[in-house]
Structures are given as C-alpha cells and as structure tokens.
Amino acid sequence: MDVTALRIGQGKDVHAFAEGRKLILGGVDIPHEKGLLGHSDADVLAHAVSDALLGGIRGGDIGKLFPDTDPRYAGADSLKLLEAVADLVRQQGYVILDVDSVISAQRPKLSPYRDQMRENLAKAMGIPVENVGVKATTTEWLGFEGREEGISATAVCLLARS
Ligand code: MG
C-alpha cells in the first residue's frame, strides 16, 4: 500500500437540547424527553462523521456545504447530507477505509441504539458496517454534556486515494 495516499480526517459537533424536538443520533430516533436544536434534524453524530470525511479531503466543513441559512436544509435528514459528503469523497478520488466516533451524552443511555447507528452511518457512506465504530460516553456530570444542556460527538476517518 502506498502510505502517502492515506488521509485522516477529524470532525466534531455540538448541539444544544431543546424541548419539543426529536433526538436523532446516527439516524436513530431515540426516545427521550427532549431533543437537539438545529436547522437540520440536528444529528450531531452524522454531522461529526460528515466533517471528519470533509477533513480527510480538505473539503471545508458541512456548515460551508449545507449552510443553515439555506431553507433546503431545514429539517434535513442528516444521513442524506452524509451520503452527499461520501459521494463528494469518492468524486475527489478517495475511498473511505474506516470511521470511528464517540458521542458524549449524560443521558439517555445510548448503547441499545449503537448497532443501528453503525448500520445507518455505514449505509449512508456505502461502506461495510465493520468499518464504522460508534461509542458513547457520559462525562460524569461534568461540562455541558454532563449538565444535560447538549450532546457532543467527535469522529475520525481514514481515507485512501483510489
Ligand atoms: Mg451540527
């Protein structure tokens, strides 16, 4: 393998909790008393993964690609945005080798939904589910996640020039 053809990407996102919103993480509608606020469906995990991919191709970020001032993206399914980003990665001549991610949330408990999130993200990116990691952690009641003011997610990816 030509190691000079490898790229890494990193993504991070944060969304605040709000009443009367759905909690969508990795495309899974998770039962909770509040959801995340955002112009799109506020899927903080899908956004972090999208930004990791864009980082890998030095392609800016999803804020630039899908501006929150654009009415086309109001309530958007973030898996569709991820799908578009994965297409862009391929158009730029890269393949997505591997993705890993972490969600920081004090509540709700996310482990029951992890495999479905992995499947949704893998499908959106067109890669095997084995190549997509999703982990969740609390922050031990510290910081904004710990105070349940919001949820953050980080993701990394490995790309190779095809
Ligand atoms: Mg976001």
Side-chain angles (χ1 to χ4, degrees), residues 7-90 92 94 96 98-110 113-114 116-127 132-139 142-159:
R7 291 283 184 278
I8 59 166
Q10 180 183 32
K12 176 174 182 172
D13 197 29
V14 173
H15 281 265
F17 272 124
E19 303 291 335
R21 293 273 303 180
K22 283 182 168 187
L23 177 59
I24 311 284
L25 292 173
V28 183
D29 190 341
I30 295 169
H32 195 48
E33 71 261 20
K34 49 193 175 179
L36 295 175
L37 191 61
H39 184 63
S40 67
D41 63 5
D43 187 334
V44 68
L45 176 60
H47 293 179
V49 171
S50 298
D51 263 355
L53 296 182
L54 288 170
I57 58 167
R58 318 301 185 234
D61 55 53
I62 52 168
K64 185 175 144 195
L65 225 58
F66 310 112
D68 63 7
T69 49
D70 190 329
R72 276 180 303 170
Y73 306 122
D77 174 353
S78 297
L79 289 180
K80 295 276 177 226
L81 305 184
L82 177 59
E83 211 174 290
V85 169
D87 284 342
L88 186 65
V89 168
R90 283 184 281 269
Q92 299 283 316
Y94 286 88
I96 304 164
D98 213 56
V99 171
D100 194 22
S101 62
V102 185
I103 307 166
S104 296
Q106 193 61 45
R107 278 192 327 124
K109 191 170 176 53
L110 298 174
Y113 309 104
R114 186 168 50 193
Q116 188 61 55
M117 292 184 210
R118 290 177 60 216
E119 277 175 38
N120 292 347
L121 295 170
K123 191 172 168 220
M125 290 184 282
I127 64 174
V132 181
V134 173
K135 301 181 299 302
T137 184
T138 72
T139 60
L142 296 169
F144 68 86
E145 301 100 326
R147 292 188 297 268
E148 298 183 41
E149 294 167 3
I151 291 181
S152 69
T154 60
V156 290
C157 71
L158 182 65
L159 310 179

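The first residue of the sequence shown is numbered 1, and numbering continues consecutively from there. Indexing begins at 1, ligand by ligand and atom by atom, following the structure's order.
- Nearby protein atoms of type N, O or S around the Mg ion (ligand 1) amount to 3 (distance under 2.8 Å).
- A donor and an acceptor atom, one from each side chain of D13 and H47, are located under 3.5 Å apart.
- A salt bridge is defined here as a Lys NZ or Arg NE, NH1 or NH2 lying under 4.0 Å from an Asp or Glu carboxylate O, and D87 with R90 meets this definition.
- Put simply, the residue from E149, R147, H32 that forms a side-chain contact (heavy atoms from CB on, under 4.5 Å) with F17 is H32.
- No side-chain donor-acceptor contact under 3.5 Å links T154 to the backbone of I103.
- Screening L25, L36, D77, L81 against D41 for a side-chain contact (heavy atoms from CB on, under 4.5 Å) leaves a single residue, D77.
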### Query
Is there a side-chain contact (heavy atoms from CB on, under 4.5 Å) between L121 and L79 once you walk through the steps?
CA-CA 7 Å; L121 295 170; L79 289 180; 4.0 Å; yes
